[in-house]
Asker: 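Please read through the structure below; I'll follow up with questions.
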Amino acid sequence: MRGEDRFRERLHSHTLVMGVVGLGYVGLPLALQMAKAGYPVRGYDLQPERAAAVNRGESYIGDVDSGELALAVGGGLLSASDNPRILEDAEFVAICVPTPLDAHQQPDVSYIRQSGQMVAGLLKRERAVVLESTTYPGTTQELLLPLLEEGSGLRCGEDFWLAFSPERVDPGNRRYHTGNTPKIVGGVGEEATRLTAAVYRQILRGQVVEVSSPQVAEMAKILENTYRHVNVGLANEMAILCRKMGINVWEVIDAASTKPYGFQAFYPGPGLGGHCIPLDPYYLTWKAREYGYHTRLIELSGEINSQMPAYVVSRAAELLNQQGQSMKGARILLLGVAYKADVADCRESPALRILELLEEEGAQLAYYDPLVPVCRCRWGERRSVRELTGPFIETFHLVMITTGHSGVDYSLVARHGRQIFDTRNATAFLAPSQRQKVTLL
């Protein structure tokens, strides 16, 4: 029997042991999906508190239900450790580690490198490795493949299989999640593609799309996020222009959205946040330099988006001036520090940059975020006020809506705020009479 056939036999008999490296926003939901499909799963994370929480059945990820996690752990299907030896018997290993940018806006692939070296030391024949971390085209074959071969003494395609399958996690999305979002798979060779796709078809309900190579899969993920990055940049530039022309940009977008073809709505805001959109396009611009190409459109949209927090602060200063109040000493309340509505995730949140800029200008700040009780910025740790009350809101010169959480009482804010700067159009549902003190981005 061929190695591929033996692998498939273990897969279909649900005896194939699965491993996940990195139990964060990508890895933990994937590990749970594997366990829910009936496979034994071993999870590894550098942070011992994460591994301990998993073993207690306690979720620290908003999209993972603690009840489901506890069932998987209690049923003996899922276990975790901060010791990599837990992966020794794993036959299918998914690497789900962060891929941030360094101080020079260049890819930091150190987590992939470290994970690759670790997995290589445990790798045996007839095992499969898949990289899910978003990265530049070429990473799987140029970086990870040599690490696995050199560290294990095995040959890719002969002794083990390697593929890339980009994560498509959208925190807070109630319709699409790890279990039902279509999955792209590109392997090093047709056999690796077939086997990796077969695994995902067993553990996920969404469509599995096979492509010709890891590079295609890597580029597809970068294109998805660059598409959003560029179009948000266009929406932000339109917001700036519309404001100068005295036009309501939100009404413009709503009107354009009535066209049933050729237009998709993207909305302006105080900047980009999250683990993908602000970062991923820079992986492509960095890689493009290797080929002597300058990605002008991507870099221009990045420039527009990165300047939005400063633009928001300048608008805030104008609104304060209308009250005869300088920025220095002004009491400003920020509503929301998470990067998007209804999630507790502050990674790359533009609200944090706005908070820093306001503090540089001497403003007296407070924030309220029902999902983020504590946040950290350049100036240290800050805590959310416990609740919003009318008398409390009235003490501020300006209220800035920087995240449009659905759990905030915006009618209360509109009644008691002296002046409200809504950067998210979160007050759109209020009657015109209630929005008299509201200024939109």
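What's counted below: heavy atoms across the whole structure, side chains too, no hydrogens, waters or symmetry copies. Fair warning: this is a prediction, and the values are worked out from it, not measured in the lab.
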Asker: Kindly give the heavy-atom pair with the smallest separation between Y227 and N231, and that separation in Å.
Answerer: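 In terms of heavy atoms, the two residues are closest at O-ND2, 2.7 Å.
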Asker: How far apart are the closest heavy atoms of V343 and H405, and which atoms are they?
Answerer: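 Closest approach of V343 to H405: O-CE1, 3.5 Å.
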Asker: So, S133 side chain and V97 main chain: donor-acceptor pair closer than 3.5 Å or not?
Answerer: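 Yes; at least one donor-acceptor contact below 3.5 Å.
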Asker: Is there a side-chain contact between L358 and I354, using heavy atoms and a 4.5 Å cut-off?
Answerer: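 Side-chain contact under 4.5 Å: yes.
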Asker: With a cut-off of 6.0 Å (strictly less than), are more than 12 heavy atoms of other residues, nucleotides or ligands near CE of M219?
Answerer: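 Not buried by this count: 12 neighbours or fewer within 6.0 Å.
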Asker: Hey, would you say the F7 and F160 ring centroids sit under 6.0 Å apart?
Answerer: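 Judged by ring-centre distance (under 6.0 Å), F7 and F160 do not meet the cut-off.
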Asker: Tell me if a side-chain donor or acceptor on N236 pairs with a main-chain N or O of G269 at a distance below 3.5 Å.
Answerer: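 At least one qualifying donor-acceptor pair exists.
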Asker: Within the 4.5 Å heavy-atom criterion, are H294 and E299 side-chain neighbours or not?
Answerer: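 A side-chain contact exists here, since the closest heavy-atom pair is under 4.5 Å.
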Asker: Just checking, is any N or O donor in the side chain of D369 or S384 under 3.5 Å from an acceptor N or O on the other one?
Answerer: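 Judged by distance alone, the side chains do not pair up.
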Asker: Check whether any side-chain heavy atom of Y44 sits under 4.5 Å from a side-chain heavy atom of L23, and report yes or no.
Answerer: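 Of all side-chain heavy-atom pairs linking L23 with Y44, none is under 4.5 Å.
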Asker: Does the pair D345/K340 count as a salt bridge with the N-to-O cut at 4.0 Å?
Answerer: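 Looking at K340 together with D345, the answer is no, because their closest N to O distance does not fall below 4.0 Å.
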Asker: I need the L147 CG to E142 CD distance, nearest 0.5 Å.
Answerer: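 One gets 12.0 Å once the value is rounded to the nearest 0.5 Å.
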Asker: Within the distance-only criterion (no hydrogens, no angle test), does the side chain of T99 pair as donor or acceptor with the backbone N or O of T134 below 3.5 angstrom?
Answerer: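 At least one qualifying donor-acceptor pair exists.
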Asker: Enter the distance from L204:CG to K36:NZ here, rounded to the nearest 0.5 Å.
Answerer: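 Here the interatomic distance stands at 10.5 Å.
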Asker: Answer yes when R243 and E318 have at least one side-chain N-carboxylate O distance shorter than 4.0 Å, and no when they do not.
Answerer: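 Yes, R243 and E318 are salt-bridged.
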Asker: If you count every heavy atom of other residues, nucleotides or ligands that lies below 6.0 Å from M238 atom CE, does the total exceed 12?
Answerer: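 No - once you tally the heavy atoms of other residues, nucleotides and ligands closer than 6.0 Å, there are 12 at most.
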Asker: Indicate the atoms forming the closest heavy-atom contact of V20 with C96, along with that distance.
Answerer: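 V20 and C96 have their closest heavy atoms at CG1-SG, 4.2 Å.
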Asker: Nearest 0.5 Å please: distance from the CG atom of L355 over to the OG1 atom of T402.
Answerer: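 Between atom CG of L355 and atom OG1 of T402 there are 8.5 Å.
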Asker: Answer with yes or no whether the side chains of S81 and N83 bring together a donor and an acceptor at under 3.5 Å.
Answerer: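 N83 vs S81: no donor-acceptor pair found between side chains.
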Asker: Got a sec, which pairs hit ring pair (Phe, Tyr, Trp, His ring centres under 6.0 Å) with one end in residues 105-158, sequence neighbours left out?
Answerer: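 Output for this query lists Y136-W286.
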Asker: Would you check if there is a donor-acceptor pair between the side chains of D280 and H229 at a distance under 3.5 Å?
Answerer: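 Looking only at side-chain atoms, D280 and H229 do not form any donor-acceptor pair under 3.5 Å.
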Asker: Could you tell me which non-hydrogen atom of P350 sits nearest to which non-hydrogen atom of G271, and how far apart they are?
Answerer: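 Heavy-atom minimum between the residues: CG-O, 3.4 Å.
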Asker: Both conditions, 6.0 Å and 45 degrees, for the charged tip of R383 above the ring of Y367: are they met here?
Answerer: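 Ring-cation test returns no.
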Asker: Could you tell me whether R56 and E49 have a side-chain N and a carboxylate O separated by less than 4.0 Å?
Answerer: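 No salt bridge links R56 with E49.
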Asker: Taking the side chain as C-beta and beyond, is there a heavy-atom pair between L46 and D82 under 4.5 Å?
Answerer: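 Not in contact.
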Asker: Under 3.5 Å, is there a donor-acceptor pair between the side chain of T196 and the main chain of T193?
Answerer: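 Pair absent, no side-chain N/O of T196 close to backbone of T193.
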Asker: Quick check: are there more than 12 heavy atoms from other residues, nucleotides or ligands sitting under 6.0 Å from CZ of R175?
Answerer: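 Result for CZ/R175: open.
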Asker: Does D422 reach the main-chain N or O of N425 with its side chain, forming a donor-acceptor pair under 3.5 Å?
Answerer: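 A pair under 3.5 Å: yes.
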Asker: Taking it one step at a time, do E360 and L357 satisfy side-chain contact (heavy atoms from CB on, under 4.5 Å)?
Answerer: CA-CA 5 Å; E360 286 177 7; L357 291 172; 3.8 Å; yes
Asker: Here's a test for you: under side-chain contact (heavy atoms from CB on, under 4.5 Å), which of I112, V93, L131 qualifies with V21?
Answerer: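 The passing option is V93.
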Asker: One thing to verify: whether D5 and R8 come together as a salt bridge, which I'm taking to mean a side-chain N less than 4.0 angstrom from a carboxylate O.
Answerer: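 No, this pair does not count.
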Asker: Do NZ/NE/NH1/NH2 and the carboxylate oxygens of R168 and E224 come within less than 4.0 Å?
Answerer: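 Answer for the salt bridge query: yes.
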Asker: Between the side chain of T295 and the main-chain N/O of I298, is any donor-acceptor distance below 3.5 Å?
Answerer: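 Not a single qualifying donor-acceptor pair exists.
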Asker: For a quick test of your reading: what N or O donor-acceptor pairs under 3.5 Å do the side chains of residues 250-263 make, sequence neighbours left out?
Answerer:
unit_1: S257; atom_1: OG; unit_2: I253; atom_2: O; d: 2.7
unit_1: T258; atom_1: OG1; unit_2: A255; atom_2: O; d: 2.6

Asker: May I ask you to say whether R353 pairs ionically with E356, meaning some side-chain N is under 4.0 Å from a carboxylate O?
Answerer: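 Looking at E356 together with R353, the answer is yes, because their closest N to O distance falls below 4.0 Å.
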Asker: Considering only NZ, NE, NH1 and NH2 on the basic side and carboxylate oxygens on the acidic side, decide whether R376 and E381 come within less than 4.0 Å.
Answerer: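 A salt bridge links R376 with E381.
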Asker: Does any N or O in the side chain of S59 come within less than 3.5 Å of the main-chain N or O of D65, such that one atom is a donor and the other an acceptor?
Answerer: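 Flag not set: sc S59 to bb D65 has no pair under 3.5 Å.
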Asker: Taking all atoms of both residues into account, what is the closest heavy-atom pair of I401 and T423, and its distance?
Answerer: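 Smallest heavy-atom distance, with atoms named: O-OG1, 2.6 Å.
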Asker: Answer whether the closest heavy-atom distance between the side chains of N305 and P278 falls below 4.5 Å.
Answerer: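 No, every pair of side-chain atoms sits at 4.5 Å or beyond.
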Asker: Going by heavy atoms in the side chains, are V130 and W161 under 4.5 Å from each other?
Answerer: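 No, every pair of side-chain atoms sits at 4.5 Å or beyond.
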Asker: Strictly below 4.0 Å, N to O, side chains only: are K124 and E88 in salt-bridge contact?
Answerer: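 Looking at E88 together with K124, the answer is no, because their closest N to O distance does not fall below 4.0 Å.
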Asker: Check this for me: does any side-chain nitrogen of one of R201 and E210 sit under 4.0 Å from a carboxylate oxygen of the other?
Answerer: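 Yes, charged N to carboxylate O under 4.0 Å.
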Asker: Please walk me through it: do M308 and L441 pass side-chain contact (heavy atoms from CB on, under 4.5 Å)?
Answerer: CA-CA 10 Å; M308 288 306 293; L441 183 67; 4.1 Å; yes
Asker: Do NZ/NE/NH1/NH2 and the carboxylate oxygens of E132 and K183 come within less than 4.0 Å?
Answerer: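 Result for this pair is yes, salt bridge flagged.
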Asker: Are any side-chain N or O atoms of T178 and backbone N or O atoms of L30, one a donor and one an acceptor, separated by less than 3.5 Å?
Answerer: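 Between the backbone of L30 and the side chain of T178 there is no qualifying donor-acceptor contact (under 3.5 Å).
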Asker: Please check this pair: side chain of H177 against backbone of G179, looking for a donor-acceptor N/O pair closer than 3.5 Å.
Answerer: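 Such a contact is found between H177 side chain and G179 backbone.
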Asker: V211 vs I184, test: side-chain contact (heavy atoms from CB on, under 4.5 Å). Steps then yes/no.
Answerer: CA-CA 7 Å; V211 296; I184 298 173; 4.0 Å; yes
Asker: Could you tell me whether Q106 atom CD has more than 12 heavy atoms of other residues or ligands within 6.0 Å of it?
Answerer: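 Enclosed: over 12 neighbouring heavy atoms sit under 6.0 Å from CD of Q106.
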Asker: Would you indicate whether Y176, at its atom OH, is surrounded by more than 12 heavy atoms from other residues, nucleotides or ligands within a distance under 6.0 Å?
Answerer: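 No, because the 6.0 Å sphere around OH of Y176 holds 12 heavy atoms or fewer from other groups.
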Asker: With the side chain counted from C-beta on, respond yes when R85 and L122 share a heavy-atom pair under 4.5 Å apart, and no when they do not.
Answerer: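 Counting from C-beta outward, R85 and L122 do come under 4.5 Å.
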Asker: Looking only at heavy atoms, what is the nearest atom pair of S165 and V185, with distance?
Answerer: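 For S165 versus V185, the nearest heavy atoms are OG-CG2, 3.8 Å.
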Asker: Between R113 and D108, is there a side-chain heavy-atom distance shorter than 4.5 Å?
Answerer: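 A side-chain contact under 4.5 Å is absent here.
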Asker: Without hydrogens or angle criteria, can the side chains of E218 and T135 be said to hold a donor-acceptor pair below 3.5 Å?
Answerer: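 No, no side-chain donor-acceptor pair sits under 3.5 Å.
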Asker: When you measure from the side chain of E91 to the backbone N and O of E126, does any donor-acceptor pair fall under 3.5 Å?
Answerer: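 Checked: no pair found.
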Asker: Would you indicate whether R228, at its atom CZ, is surrounded by more than 12 heavy atoms from other residues, nucleotides or ligands within a distance under 6.0 Å?
Answerer: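 Check fails, neighbour count at 12 or below.
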Asker: Taking the six-membered ring for Trp, are H14 and Y39 parallel (under 30°), tilted (30 to 60°) or perpendicular (over 60°)?
Answerer: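 Rings of H14 and Y39: parallel, under 30°.
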Asker: Would you compute the distance between atom CZ of R382 and atom CG of L334 and round it to the nearest 0.5 angstrom?
Answerer: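 The CZ atom of R382 sits 9.0 Å away from the CG atom of L334.
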Asker: About how many Å separate CG of L398 and CD1 of I420, when rounded to the nearest 0.5 Å?
Answerer: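 Atom-to-atom, I420:CD1 and L398:CG are 9.0 Å apart.
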Asker: So how far is it from E158 CD to E149 CD, rounded to the nearest 0.5 Å?
Answerer: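 Nearest 0.5 Å value for the CD-CD distance: 8.5 Å.
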Asker: If you count heavy atoms of other groups shown closer than 6.0 angstrom to CZ of R125, is the number above 12?
Answerer: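 No.
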